[in-house]
2 protein chains.
Amino acid sequence: MNVGDVPYRTIWLAGNGETVEIVDQTRLPHEFVTVPLDTLEDAAHAIRAMLVRGAPLIGATAAYGIALAMRDDASDPALEAAAATLAATRPTAVNLRWALDDMKAHLAPLPAAGRAEAAYARAAAICDEDVAICRAIGEHGLALIRAAYEANGRSRPVQVMTHCNAGWLATVDWGTATAPIYMAHDAGIPVHVWVDETRPRNQGAFLTAWELGGHGVDHTVIVDNAGGHLMQHGRVDLLITGTDRTAASGDVANKIGTYLKALAAADNGVPFYVALPGPTIDWTIMDGLRDIPIEERDPAEVTDIPGRAPDGSLTTVRITPASSPAANFAFDVTPARLVSGLITERGVCAASADGLLSLWPERRGRAAGTG
Amino acid sequence: MNVGDVPYRTIWLAGNGETVEIVDQTRLPHEFVTVPLDTLEDAAHAIRAMLVRGAPLIGATAAYGIALAMRDDASDPALEAAAATLAATRPTAVNLRWALDDMKAHLAPLPAAGRAEAAYARAAAICDEDVAICRAIGEHGLALIRAAYEANGRSRPVQVMTHCNAGWLATVDWGTATAPIYMAHDAGIPVHVWVDETRPRNQGAFLTAWELGGHGVDHTVIVDNAGGHLMQHGRVDLLITGTDRTAASGDVANKIGTYLKALAAADNGVPFYVALPGPTIDWTIMDGLRDIPIEERDPAEVTDIPGRAPDGSLTTVRITPASSPAANFAFDVTPARLVSGLITERGVCAASADGLLSLWPERRGRAAGTG
């Protein structure tokens with residue numbers, strides 16, 4: 001999407017055709033800095049230090065990390081070592097492992113001399129496939145925003161609320177939850193986005209606000225506590241969030257606090273949609289609340305907040321008493337009963353086993369638990 | 001309550017019997033600093049600059065502000081001027097105006113020579129009355145915590161969740177929502193408190209965590225987003241919050257985000273109680289959602305977060321993009337249907353017109369709207 005009128009992806013090839021470039025997302029929203037990746041270790045560092053984040057972008061960066069490694073040494077041991085190095089950067093990232101397996105499967109049969117070129121081509125294809133999925137999500141979700149605009153008689157902007165960052169910064173382009181918003185904006189439908197700041201990591205305040213602003217989408221940052229009040233007063237037309245993992249039943253795991261917004265949406269008759277790429281559906285799980293494990297992360301993410309000091313420097317402030325413990329639950333699970341619909345690359349469906357199977361009929365007849 | 005084994009109130013007379021002392025709450029939780037108030041202007045500054053906050057404590061400070069003024073000049077014009085100065089410090093604080101009217105009514109009939117002594121006595125009585133109300137709230141709420149402890153077979157600590165700071169720091173002692181917790185702790189009932197950090201002003205992380213820790217109450221700070229997840233997993237036995245204003249119907253206005261916690265409590269069968277002193281009931285309002293105005297405050301409270309920098313200094317960091325607007329809604333209204341009970345100084349009642357009238361029978365027969 002655009003950053004000050006210049007279209008960007010989150011990862012791209014430099015003019016020399018070999019160096020990979022990314023946005024250092026740890027500097028956002030205060031500084032927009034692009035970083036060249038010239039080696040396997042550069043790519044591993046970018047993932048490990050979270051210069052890149054978001055499952056699709058992590059996968060794409062890992063794929064290019066293999067390509068960078070192949071440029072130096074395309075032997076079998078080097079391919080294995082590169083994959084192992086990249087896999088260790090974020091041990092729980094499913095998409096990372098998928099991308100590495102995909103790259104290995106593509107490269108292993110090739111002679112070493114052809115691997116570097118093939119790796120660049122395959123990494124580019126992985127990026128393009130992600131963009132195509134996000135674009136399709138956007139097109140299906142656009143119809144929902146367009147319908148809301150028609151429903152208000154084209155009298156005012158459509159009010160969308162989102163939580164966390166399921167934006168283009170988390171993918172290669174478009175994002176998932178944001179794709180319908182960007183498409184509506186580009187189609188001339190006036191849209192205003194309520195951006196939850198999304199404690200504890202503030203991905204809403206840091207990233208979603210920044211990327212919406214960069215593309216010229218009208219938005220307002222609010223604290224996570226404010227959404228219920230806005231919905232009570234008719235100031236939200238629909239919610240769209242992303243998801244880290246969707247159960248085959250339509251239960252969705254997403255950034256902590258999503259469940260509270262879904263409750264408020266249901267209590268006020270506001271549609272609550274979840275945008276997701278098909279690969280994030282976990283067909284083995286039917287009860288998301290029971291079976292999706294919730295990661296507990298470092299309490300420092302709760303007690304210490306990074307930002308820009310008055311002198312312009314980037315620093316971190318402690319907000320809790322030195323002796324008070326904190327707990328940091330990363331995700332919660334929103335039961336399918338609270339989800340109005342799932343926006344996927346194959347269309348919009350009900351958040352239910354039947355709904356998902358209507359779009360993925362090839363899964364029909366397989367018992368849950370058999371994957 | 002205790003601060004490191006020393007019992008404190010939030011406002012007290014110094015050893016000389018004339019100087020008033022307070023805790024500078026703007027320095028919490030990082031520094032515990034008491035401040036002497038020797039003049040009317042000291043008291044006005046303490047309220048204006050929010051060294052003291054919380055309706056009861058603001059009222060008590062204003063009362064002592066009148067006493068400090070009378071020590072200098074106890075004439076009729078001086079009494080009027082002092083009340084006007086103090087009233088202007090927080091123009092929307094109902095309790096502030098009540099305390100000033102009460103002080104004027106007590107002092108105006110007296111000869112100037114007796115006013116200073118009478119003012120100190122009346123200010124002390126206002127403080128003691130507040131403590132008595134909070135103690136009574138605590139005793140009634142204690143029964144609820146005790147019942148939860150019996151219900152779990154005394155097998156584990158009672159898990160209480162609270163939002164914002166309705167603690168002793170907001171009153172003269174005990175607090176409202178915290179009074180039952182302190183009483184349970186003092187009675188030997190094991191209690192653990194989940195403390196919502198309470199964005200945007202972080203009163204939970206800054207104040208509630210600090211005061212619970214000071215009194216030795218086990219607690220954990222969480223982001224406001226986490227409460228739903230904890231309730232889904234049976235990790236909360238009951239919620240107790242305060243309220244800024246209670247409608248005659250039992251609808252409660254409280255810090256933004258309270259409504260979201262009440263929704264999660266209802267969805268998971270967790271009791272949601274609101275603790276309040278009778279004077280905060282607004283008998284003129286029956287529909288809280290429609291008729292309680294919600295203040296919009298400075299967006300800087302959303303975009304900028306104060307805390308302690310790594311070098312120990314107190315500073316503020318900006319968390320949003322420089323060009324992103326923010327909105328700051330201070331309160332929301334939780335409909336009575338989501339409130340399990342109101343804990344008052346007269347007992348616990350249903351959150352309904354009938355419930356409130358059962359404890360305030362003298363209000364029965366007065367039509368809503370007549371005050």
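Letters A, B, ... mirror the listed sequences (proteins, then strands); counts begin at 1. All values below were derived from every heavy atom in this structure, side-chain atoms included, with hydrogens, water molecules and symmetry-related copies excluded.
At least one donor-acceptor pair closer than 3.5 Å links the side chain of R199(A) to the backbone N or O of V302(A). Listed for the Q232(B) side chain is no donor-acceptor partner under 3.5 Å among the backbone atoms of L289(A). T162(A) places no side-chain N or O within 3.5 Å of a backbone atom of T241(A) that could act as its donor or acceptor partner. N165(B) contributes no side-chain N or O that, together with a main-chain N or O of G204(B), makes up a donor-acceptor pair within less than 3.5 Å.
Within the 4.5 angstrom heavy-atom criterion, no atom of L212(B) approaches chain A. H30(B) touches chain A through its side chain: at least one heavy atom from C-beta onward sits under 4.5 Å away, while N, CA, C and O do not. For P299(B), no part lies under 4.5 angstrom from a heavy atom of chain A. Looking at L207(A), neither its backbone nor its side chain comes within 4.5 Å of chain B, counting heavy atoms on both sides.
Partner of H215(A) under the ring-ring contact (aromatic ring centres under 6.0 Å, His included) criterion, out of Y182(A), Y8(A), W168(A): Y182(A) alone.
Side-chain contact between T334(A) and N254(A) is absent, with no heavy-atom pair separated by less than 4.5 Å. For the pair V191(A) and P157(A), the minimum side-chain heavy-atom distance is 4.5 Å or more. A 4.5 Å side-chain heavy-atom check between I294(A) and I256(A) finds every atom pair outside the cut-off. Residues M231(B) and K261(B) form a side-chain contact, since some pair of their non-hydrogen atoms from C-beta on lies under 4.5 Å apart. Inter-residue side-chain proximity for F272(A) and V274(A) is flagged as met; some heavy-atom pair is nearer than 4.5 Å. Residues T280(B) and R245(B) have side chains not in contact (no heavy-atom distance under 4.5 Å, counting atoms from C-beta outward). Between D267(B) and R337(A) the shortest side-chain heavy-atom distance falls below 4.5 Å.
Counting only residues at least two apart or in different chains, salt bridge (Lys or Arg N to Asp or Glu O under 4.0 Å) contacts with residues 200-216 of chain B comprise R201(B)-E301(B).
Remark: D24(B) engages R27(B) in a salt bridge (charged side-chain N to carboxylate O under 4.0 Å, His left out) (not counting sequence neighbours).
Contact count versus chain A (heavy atoms, under 4.5 Å) is highest, among G213(B), S313(B), P310(B), for P310(B). Of the listed residues (P321(A), A266(A), G257(A)), the greatest number of heavy-atom pairs within a distance under 4.5 Å of chain B belongs to P321(A). Ranking I319(B), L314(B), L263(B) against chain A, the residue ahead of the rest is I319(B), based on heavy-atom pairs under 4.5 Å. Of the listed residues (A209(A), P306(A), A309(A)), the one with the most heavy-atom contacts under 4.5 Å to chain B is A209(A). Ranking A322(A), G307(A), P335(A) against chain B, the residue ahead of the rest is G307(A), based on heavy-atom pairs under 4.5 Å.
Using non-hydrogen atoms only and a strict 4.5 Å limit, the part of residues 220-230 of chain A facing chain B consists of T220(A), V221(A), I222(A), V223(A), D224(A), N225(A), A226(A), G228(A), H229(A), L230(A). For residues 323-332 of chain A, the interface with chain B (any heavy-atom pair closer than 4.5 Å) comprises S324(A), P325(A), A326(A), A327(A), F329(A), F331(A), D332(A), sorted by residue number.
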